[in-house]
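Please read the structure below before turning to the comments.
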Protein chains: 2
Amino acid sequence: MLTDRQLFILQIIIDDFIRSAQPVGSRNLAKKDDVSYSPATIRNEMADLEEMGFLEKTHTSSGRVPSEKGYRYYVDHLLSPGSLRRSERTAIHSVFADRQEGLEKAVQNAATILSELTSYTSIVLGPKFNDHKVKSLQIIPIDAQSAVSIIVTDTGHVENKIFSLPEGIEPADIEKMVNILNDRLTGVPLSELRQKIYKETTELMRRHLHNYEAVLHMFAEASGGSPIGKLFIGGKTNIFNQPEFRDIEKVRLVMDMMEKEHDMYELIRPTEAGVQVKIGTENAEQAMEDCSLITASYSVGDEPVGTIAILGPKRMEYSRVITLVDFLSHDMTNVLTRLYNTRT
Amino acid sequence: MLTDRQLFILQIIIDDFIRSAQPVGSRNLAKKDDVSYSPATIRNEMADLEEMGFLEKTHTSSGRVPSEKGYRYYVDHLLSPGSLRRSERTAIHSVFADRQEGLEKAVQNAATILSELTSYTSIVLGPKFNDHKVKSLQIIPIDAQSAVSIIVTDTGHVENKIFSLPEGIEPADIEKMVNILNDRLTGVPLSELRQKIYKETTELMRRHLHNYEAVLHMFAEASGGSPIGKLFIGGKTNIFNQPEFRDIEKVRLVMDMMEKEHDMYELIRPTEAGVQVKIGTENAEQAMEDCSLITASYSVGDEPVGTIAILGPKRMEYSRVITLVDFLSHDMTNVLTRLYNTRT
DNA sequence: TTTAGCACTCGAATAGAAAGAGTGCTAACA
DNA sequence: TGTTAGCACTCTTTCTATTCGAGTGCTAAA
């Protein structure tokens with residue numbers, strides 16, 4: 001177990017390193033106003049902390065640097081809860097102030113604001129529309145061979161896709177189909193749409209139409225839109241600010257990862273509720289070795305629908321970022337719940 | 001005027017520098033099989049070429065490096081027309097082979113393929129939909145205060161936007177409006193849609209509806225969608241491969257620029273027809289100082305609708321890239337014209 | 001006109017040497 | 001017994017000097 005003094009010294013070392021990015025030595029630590037121990041004493045404690053794995057040295061006679069375990073302990077036990085400045089609060093509130101822009105725009109704004117406030121990289125996974133309910137379905141024929149399927153949800157989200165029409169289908173028939181579809185499928189959540197298309201409408205169609213199967217099938221296929229939200233990344237180049245990323249290869253690794261949508265999905269895929277902190281190799285991704293990731297999911301009602309995250313160096317301002325991410329995710333949850341949860 | 005031998009030497013210097021990224025010296029040049037002059041002769045010619053501004057030295061006793069003027073001359077007069085490998089042709093053709101994916105997807109593929117083929121960064125400005133014609137208009141009410149406007153074009157492109165509904169509007173009235181809109185506006189190009197909404201429908205609306213102005217106005221506003229295509233960038237991190245971009249500040253400059261959509265639009269905004277080459281400071285953008293840009297627009301019929309571009313170091317493989325960009329832009333023009341120009 | 005020869009320049013690489021920051025250990029101290 | 005002063009030691013960084021090599025420019029000869 002750690003003594004109070006060790007905790008204090010560990011905390012002050014990490015705080016200092018987060019600020020300066022320089023290995024911290026006993027002499028400089030002792031100079032601080034709020035430290036009343038001699039360099040020698042501090043050296044002893046440092047040696048102990050290193051033995052326990054909380055600190056590391058970059059070489060035999062350098063100052064100490066927090067290890068991953070050190071950061072972990074710091075985040076779990078030593079974090080002084082940060083508070084937000086008024087200006088930060090208003091900035092965050094303003095993101096969702098303007099409903100008119102549409103949800104996507106708002107989510108993108110969230111990413112921008114987040115990266116500007118932190119000067120790290122922000123990642124926002126837009127809400128998935130699974131549980132949004134069908135408001136209206138349309139099939140618009142484009143020419144003899146193709147048509148566009150359009151799905152409007154009760155949240156105002158629109159999905160559309162081109163699909164091919166079978167030979168010799170009549171516009172009038174399509175109109176009938178659309179009527180049946182709307183009649184039967186309004187209110188169905190997107191996640192269930194594809195199955196219900198068949199279950200709910202087949203019989204009616206059979207009765208009133210011939211040759212409906214092919215169109216229905218194509219339509220059902222076109223409706224299986226992406227079940228996952230869109231990804232927005234803000235401040236991609238902020239990583240260039242970090243002194244430990246002077247190395248072009250390191251930057252490249254991270255940048256490459258950011259270009260791969262799939263990797264990013266995996267990275268921030270929500271695990272538990274609340275704010276999550278993943279430090280360095282705690283992230284599965286190789287490229288994240290020198291980075292930390294702070295995520296929080298936001299919800300509509302009790303259902304988590306998306307994630308916001310901050311990607312920065314391991315030497316991140318954990319306290320501030322955690323507060324920020326926590327605050328924004330709650331804000332988003334509140335706004336979205338108020339907006340969309342009136343439906344249930 | 002330049003002598004034949006000077007041309008030859010200039011060409012061979014630039015070719016060599018493009019390959020090696022190293023300043024080229026007289027001794028090494030003379031060693032090449034196809035060079036039959038002595039180092040001393042070459043030195044004399046080099047001195048002349050430098051005096052004329054086609055070459056530069058990085059320091060007093062270094063080899064020569066092409067100047068911007070040198071590249072310009074090289075591109076304008078010395079380029080041996082490249083040819084494409086069969087595999088490259090098929091790769092390009094395959095981009096638009098699959099119509100079903102939709103235009104956007106295809107354009108994005110074009111960006112990916114371009115960057116993979118060149119290992120530079122590719123930029124593709126998706127087709128603007130200005131001259132696409134309205135196929136169908138919809139207004140779907142979401143709740144009492146808001147509705148979604150949907151515009152489907154004859155190319156299968158769908159635009160949609162949320163807008164607010166004035167108080168106390170009846171669903172039946174909206175339906176009437178939609179009917180009028182479709183009746184009067186089908187076939188109108190998107191670019192003229194906004195004006196025509198008023199010009200063509202006001203009278204009919206007045207006759208059959210009251211209180212239509214507000215909705216019509218909101219709808220018109222919502223229809224003024226972006227008049228410009230979407231931007232796709234492929235291989236953003238390819239710049240890391242270039243040895244002259246070992247400097248993190250240079251990379252940052254370029255990366256920052258790539259994140260700013262507006263700058264990118266400005267950068268590749270089409271000027272003239274055909275393949276354009278802009279070398280270094282010929283681009284207005286400060287960040288492009290050490291880069292070259294090769295652009296070509298593609299068309300539907302005679303109307304240019306979008307642009308493809310390659311962004312690389314000044315030391316770019318001009319010949320190959322020009323051929324590639326030229327080929328792809330023509331291919332896109334062909335495919336798109338065949339697809340969409342049957343309408344006129 | 002071309003080329004061989006040579007002195008000269010400059011950058012890159014190499015090797016010490018010195019400075020500076022920091023450590024670990026021992027011994028003295030409160 | 002915990003704390004601290006002192007000191008030798010380690011390792012990085014910085015500076016300087018030197019050397020090496022690639023390349024140039026100029027002159028004179030072929």
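Here is the naming used below: chain letters follow the sequence lines, and residue numbers restart at 1 for every chain.
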Results of salt bridge (charged side-chain N to carboxylate O under 4.0 Å, His left out) for Lys69(A) - residues two or more places apart only: none
Short N-O contact, Asp16(A) and Lys32(A), less than 4.0 angstrom: yes
Salt-bridge criterion met for Lys250(B) and Glu244(B) (N-O under 4.0 Å): no
Thr41(B) side chain vs Tyr37(B) backbone, donor-acceptor pair below 3.5 Å: no
Salt bridge (charged side-chain N to carboxylate O under 4.0 Å, His left out) involving Arg269(A) - partner list, sequence neighbours excluded: Glu266(A)
Relative orientation of the end axes in the helix from dT1(C)-dA30(D) to dA30(C)-dT1(D), expressed as an angle to the nearest 10° (five pairs per end): 20°
Near-strand residues of residues 6-20 of chain A, defined as heavy-atom separation under 4.0 angstrom from DNA chain D: none
Ser26(A) side-chain N/O to Arg43(A) backbone N/O, donor-acceptor pair under 3.5 Å: no
Neighbour count >12 (heavy atoms, 6.0 Å) for atom CZ, Arg27(B): no
Protein proximity profile, nucleotides 7-24 of chain C - base contact B, sugar-phosphate-only contact S, no contact -, cut-off 4.0 Å on heavy atoms: --BBS---------BBBB
Backbone of Ile42(B) reached by a side-chain donor or acceptor of Glu45(B) within 3.5 Å: no
Please enumerate all protein N or O atoms sitting under 3.5 Å from an N or O of nucleotides 28-30 of chain C, with distances to 0.1 Å.
none

